[in-house]
Number of protein chains: 2
Amino acid sequence: MPEKPKLEDVAKLAGVSPTTVSRVLNNRGAISERTRRNVNNAIQQLNYHPNEIARSLFGSKTHFIGLIFPSTGHPFFGELIFQIENILSEKHYKVLICNTMDQTEKERSYLDMLLSNQVDGMIVGAHNIGIDIYQRAKLPIVAIDRKMSETITVVSSDNYQGGRMAAEELLRQGRSKIIHVNSIRQKEAPSSYLRRKGYEDVMTEHGLPFKTYEIESPFDPEVKKQILSSLLDQDPTIDGMFLSDDLTAAIALSMIRKRNRDIQIVGYDGTEMVTTCLPELTTIVQPIRAMAQLAVDLLLKEINNEFDGIKKNYILPVTLRRGT
Amino acid sequence: MPEKPKLEDVAKLAGVSPTTVSRVLNNRGAISERTRRNVNNAIQQLNYHPNEIARSLFGSKTHFIGLIFPSTGHPFFGELIFQIENILSEKHYKVLICNTMDQTEKERSYLDMLLSNQVDGMIVGAHNIGIDIYQRAKLPIVAIDRKMSETITVVSSDNYQGGRMAAEELLRQGRSKIIHVNSIRQKEAPSSYLRRKGYEDVMTEHGLPFKTYEIESPFDPEVKKQILSSLLDQDPTIDGMFLSDDLTAAIALSMIRKRNRDIQIVGYDGTEMVTTCLPELTTIVQPIRAMAQLAVDLLLKEINNEFDGIKKNYILPVTLRRGT
DNA sequence: GTGAAAGCGCTAACAG
DNA sequence: CTGTTAGCGCTTTCAC
């Protein structure tokens, strides 16, 4: 069995120079039809695949894009990543995936890894390490849902409006003792803060009291369960809850059912997954597909130096999906 | 702003040769403590990151692993990919992700892409294109849940037993008019076939009739809904259903509730996601974490030529999780 | 302990 | 239209 064929092997078999093969491969320069056929035949025969690593080394582009997210397993990130990868692959970019699990050390080493692998850019949805570290990378970066610095583009959905819509929906359903559970996944996460602010503002505007609880370990469902459980048991007057993500909302929902309480809930994210599993859940839907598209567009523009504007902050509208 | 520093820049700054820097980087050969310090300082100062692309070009290993799956967005694959990436990253492998969406053309071009990028191996959970194409790759490959050929290692969970367990559970719940809905995602998929066989065997053994329905477009929930809907309406005597994945089971569950039918259902996969969203769903749990671990272990063994056995087919046990 | 030189597989001048 | 040559950033013989 022969080793991996190289361009030179193709050249020999086709009886031409390496340059010619390269030209056929890249459709550059003028090639006679005959030569082209010969070369293509040789390529077929040898089952030759150009070594992208070598190509990358030469040029300055690898067509690698790094994706840094807390977890591919989470439905929101999973679907976002799915969309991003789809769009990128159409444009012939390849995706290197990184699951930080909200761990600073992992994030830092992933960042190093991506830089070492000469990614052309990255899309980042997880941020524990300092902003400056990303700054220093001097690389096209698009952040999701988190302002990292003045110079890094951000794509997010309208978290403030989302918070407002959730609260308003609960009020519309005749609820007034409404609490908010905020499953923060990062310190100073603006998305959590804005959702909360939206909710609190609406409550205030209606002259109602508000109460926000924060859950700090979003990856452990047991912790969530305990907190939600004691929450519910402590206060029998609660009649509405706004949960900052659907997974937490799902847990709350099943607890409420088990306790036979009359509490209306609103979740957040509106992934297809949750929509399928829990069609009865009312939730604020993030425009995942649009966020992916925009993030990719902006990133590729930065990569290709096509700044068509100075705008750095993109906020996409959210919608309310009423449970069935 | 300086360009990306290269090894040569470090060498200059440290007043040594490139060779020496390389040695420091790789901990190879003998280096004086002083030189090592100088070099390390220079590396720090320049914020130097060795170019992995160049390294890969030289050596024959890239430490890239390609993952080919139908969709990162699907909870089963999303969680499996999450686990696989985690384990691989600990071993300093990097993951290139591919979403085929069950499209032959995408799968083929992803395979080409991975080969061109000199991946050291791949883990494949999607298979529409011919086996021979993977064979030709002459690369360490581990397949998930699908026998691809005599020479490609397969990791799967015990689909036959899973099918049996599902049927037995329904019988145990006093059901007898039990149907099976099989959401096949690929032709001749052995996992679907085995689950079905397990169910049918149990029914036969109990002298009961069985009926299996197949849904062919697993990515469109609307299609599923229509089929399930007409299924339920056609036959009012059904009292048990075995659905071959949890997402389909979730749809069935909400339909059954809406119709107020007394039908017990059993799903398949048992992802954390679905467990959280639908704790009441009884399901057959695949050992995702163990499958990921085994697949990675086997792949790395193949990559490092450490065949410790000739076994090619690994079947991990599934468990039943009763809904709460 | 350290350095000079060759080469990994490919592409892009520059010739012809 | 096609080939020769140099070099992308790194590692590794082989010398000193």
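Quick note on labels: first sequence line is chain A, next is B, and so on, each numbered from 1. None of these values were measured; they are calculated from a predicted model.
- Here the CD1-CG distance, from B:I65 to B:L299, works out to 4.5 Å after rounding to the nearest 0.5 Å.
- B:T35 comes within contact range of the sugar-phosphate backbone alone, with a heavy-atom separation under 4.0 Å but no base atom that close.
- For B:T20, the listed nucleotide lying nearest its side chain is C:dT2; candidates were D:dC1, C:dT2, D:dT2.
- A:P5 approaches A:D9 most closely through the heavy-atom pair CA-OD2, 3.3 Å.
- A donor-acceptor pair under 3.5 Å links the side-chain atoms of A:S116 to the main chain of A:D112, judged by distance alone.
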Run the side chain to side chain donor-acceptor pair (under 3.5 Å) test on B:T19 and B:S22 for me, step by step, so that the C-alpha distance in whole Å, both residues' side-chain angles and the decisive distance to 0.1 Å come before the verdict. CA-CA 5 Å; B:T19 316; B:S22 171; over 6 Å; no
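- The nearest whole Å value for the distance from the CD atom in B:E33 to the P atom in C:dT2 is 10 Å.
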Solution key, residues 83-97 of chain A side-chain donor-acceptor pairs under 3.5 Å, sequence neighbours excluded:
residue	atom	partner	partner atom	Å
A:E85	OE1	B:N99	ND2	3.1
A:E85	OE1	B:Y110	OH	2.9
A:E85	OE2	B:Y110	OH	2.5
A:N86	OD1	B:K106	NZ	2.7
A:S89	OG	A:N86	O	3.2
A:S89	OG	B:Y110	OH	3.3
A:Y93	OH	A:K61	NZ	3.0
A:K94	NZ	A:T62	O	3.0
A:K94	NZ	B:N117	OD1	3.1

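- Remark: P of D:dT12 and NZ of B:K61 are 14 Å apart, rounded to the nearest angstrom.
- Smallest separation of non-hydrogen atoms from A:F82 and B:P70: CE1-O, 4.3 Å.
- Residues B:Q286 and B:S157 come closest through the heavy atom pair OE1-OG, 2.6 Å.
- Interatomic distance, CG of A:L57 versus CD of B:E52, reported as 12.5 Å (0.5 Å rounding).
- Between B:N38 atom CG and C:dT2 atom C1' the separation is 13 Å, expressed in whole Å.
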Walk along nucleotides 7-16 of chain C from 5' to 3' and tag each nucleotide B, S or - by protein heavy-atom contact under 4.0 Å, base first, then sugar-phosphate. BBBSBBB---
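- Regarding B:I53, its CD1 atom lies at a distance of 17 Å from the C1' atom of D:dG7, rounded to whole Å.
- Listed in residue order, the members of residues 109-117 of chain B having a heavy atom less than 4.0 Å from DNA chain D come to none.
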